[in-house]
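Proteins come first, then strands; the chains are lettered A, B, ... in the order of their sequence lines, and each starts at number 1. The structure displayed is predicted, hence computed values, not measured ones.
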Protein chains: 2
Amino acid sequence: MTQTDTNSFTDNGSAHLRAAGLKVTLPRLRVLDVMEQSDRRHMSAEDVYRKLIDSDAEVGLATVYRVLTQFESAGLVYRRHFDGGQALFELNDEENHSHVVCLKSGHVEEFSDPIIEARLREISESLGYTMTEHTIVVHGIHKDAK
Amino acid sequence: MTQTDTNSFTDNGSAHLRAAGLKVTLPRLRVLDVMEQSDRRHMSAEDVYRKLIDSDAEVGLATVYRVLTQFESAGLVYRRHFDGGQALFELNDEENHSHVVCLKSGHVEEFSDPIIEARLREISESLGYTMTEHTIVVHGIHKDAK
DNA sequence: ATAGCTGCAAAACCTTTGCAATCAA
DNA sequence: TTGATTGCAAAGGTTTTGCAGCTAT
């Protein structure tokens with residue numbers, strides 16, 4: 001990928017990486033780029049790996065896993081386990097959103113709701129917990145599905 | 001394994017199994033029993049397997065997986081993926097509850113809340129979905145943890 | 001009798017790790 | 001320079017599957 005100079009993602013990426021205390025390396029920039037450019041918001045390590053291979057980047061799958069795990073520690077991405085087989089990674093855009101998964105099509109949609117947010121915090125508090133994060137997955141059937 | 005006749009769990013189990021269209025076999029009754037008698041509500045296949053071994057039942061791990069998967073299809077248990085490593089199975093007691101997981105101790109607690117329930121249904125509807133199930137996991141830190 | 005169930009071992013998956021070479025700072 | 005990072009291959013942990021024998025109905 002002959003990438004040009006004044007590329008916003010590269011600059012952003014470097015900044016993000018540095019802010020996370022990670023050395024700025026090509027594999028890391030690449031993974032970040034793939035996730036930012038992708039139309040799918042939730043990607044498995046394998047998905048990311050394939051995209052890299054397809055765009056002629058030479059990165060090992062193990063590295064993708066390592067990088068994604070580092071990104072997770074750094075708070076750049078979330079690791080989700082919607083159905084358990086494989087983990088899906090998603091960029092942290094600072095909006096704590098929830099998911100609706102269609103049982104027929106498998107399509108994933110997002111939403112976020114302050115009412116639920118507040119209520120969860122309230123409930124956690126009453127149970128003695130300080131809520132740091134929450135994950136909501138609604139399973140449903142879309143009216144236009146299949 | 002030499003199981004007696006008038007065992008309450010056996011009778012209950014048999015009914016559940018038959019209702020699910022599954023043959024009433026010893027391994028299935030045993031797995032059901034273990035899950036019902038366990039003090040822990042969330043158990044991995046391995047957990048169930050160990051309990052069976054400990055109580056002199058001769059059941060293979062593969063069978064435990066198969067049985068649990070069948071139970072899941074039959075709606076008798078839920079398969080959860082709190083952190084991805086291994087799946088945890090939980091009896092379906094018809095109460096759709098949510099979970100709070102302590103980040104320090106790993107302890108899992110449950111709750112359910114009609115306000116959130118209603119709100120989720122409402123939101124799903126507005127997105128074009130008919131909600132069939134939902135999973136909520138709150139990550140937090142308990143005030144008395146570690 | 002027979003379709004379904006089981007145990008065992010092997011395979012399939014996803015993910016992590018050891019190690020020598022390579023790279024960013 | 002030098003510790004961090006990488007690719008490869010091998011190992012690890014969880015779950016599934018093929019198959020021959022056993023079992024509930």
To the nearest Å, how far apart are [X] [atom1] and [N] [atom2]?
| X | N | atom1 | atom2 | result |
| --- | --- | --- | --- | --- |
| B:Leu52 | C:dG7 | CG | C1' | 14 Å |
| A:Arg28 | C:dT22 | CZ | C1' | 14 Å |
| A:His81 | D:dT15 | NE2 | P | 12 Å |
| A:Leu88 | C:dC13 | CG | C1' | 15 Å |
| B:Arg80 | D:dT14 | CZ | P | 20 Å |
| A:Leu17 | C:dC23 | CG | C1' | 15 Å |
| A:Leu29 | D:dT5 | CG | P | 13 Å |
| B:Leu68 | C:dT6 | CG | P | 12 Å |

Regarding B:Ala87, tell me which of base, sugar-phosphate or nothing describes its non-hydrogen contacts under 4.0 Å with the strands shown. sugar-phosphate
Within the structure shown, what part of the strands sits under 4.0 Å from A:Glu58 by heavy-atom distance: base, sugar-phosphate, or nothing? sugar-phosphate
Hey, what do you get for CE (B:Met131) to CG (A:Leu103), rounding to the nearest 0.5 Å? 11.5 Å
For B:Leu22 and B:Gln70, what are the C-alpha separation, side-chain angles and deciding distance, and is it a side-chain contact (heavy atoms from CB on, under 4.5 Å)? CA-CA 8 Å; B:Leu22 295 169; B:Gln70 292 157 349; 4.2 Å; yes
Could you check B:Gly21 against A:Leu22 and say which one's nearest nucleotide on DNA chain C is further toward the 5' end? B:Gly21
Go along nucleotides 16-24 of chain D 5' to 3' and tag each nucleotide: B for a protein heavy atom under 4.0 Å from its base, S when only backbone or sugar atoms are that close, - otherwise. BBB-----B
Any side-chain donor near an acceptor of the partner, B:Arg79 and B:Thr69, under 3.5 Å: yes
Go through the side-chain N and O atoms of A:Glu109 and A:His97 and say whether any donor and acceptor fall under 3.5 Å apart. no
In this structure, is the centre-to-centre distance between the rings of A:His42 and A:Phe89 below 6.0 Å? no
Heavy-atom distance under 4.5 Å between the side chains of A:Thr25 and A:Arg28, does that happen here? yes
Under 4.0 Å between a side-chain nitrogen and a carboxylate oxygen: does that hold for B:Arg121 and B:Glu125? no
Using a strict threshold of under 4.0 Å (side-chain N to carboxylate O), is an ion pair present between B:Asp113 and B:Arg119? no
Among B:His139, B:His107, B:His99, which residue meets the ring-ring contact (aromatic ring centres under 6.0 Å, His included) test with B:Phe82? B:His99
Terminal axes of the helix from C:dA1-D:dT25 to C:dA25-D:dT1 (five pairs each): angle between them, nearest 10 degrees: 40°
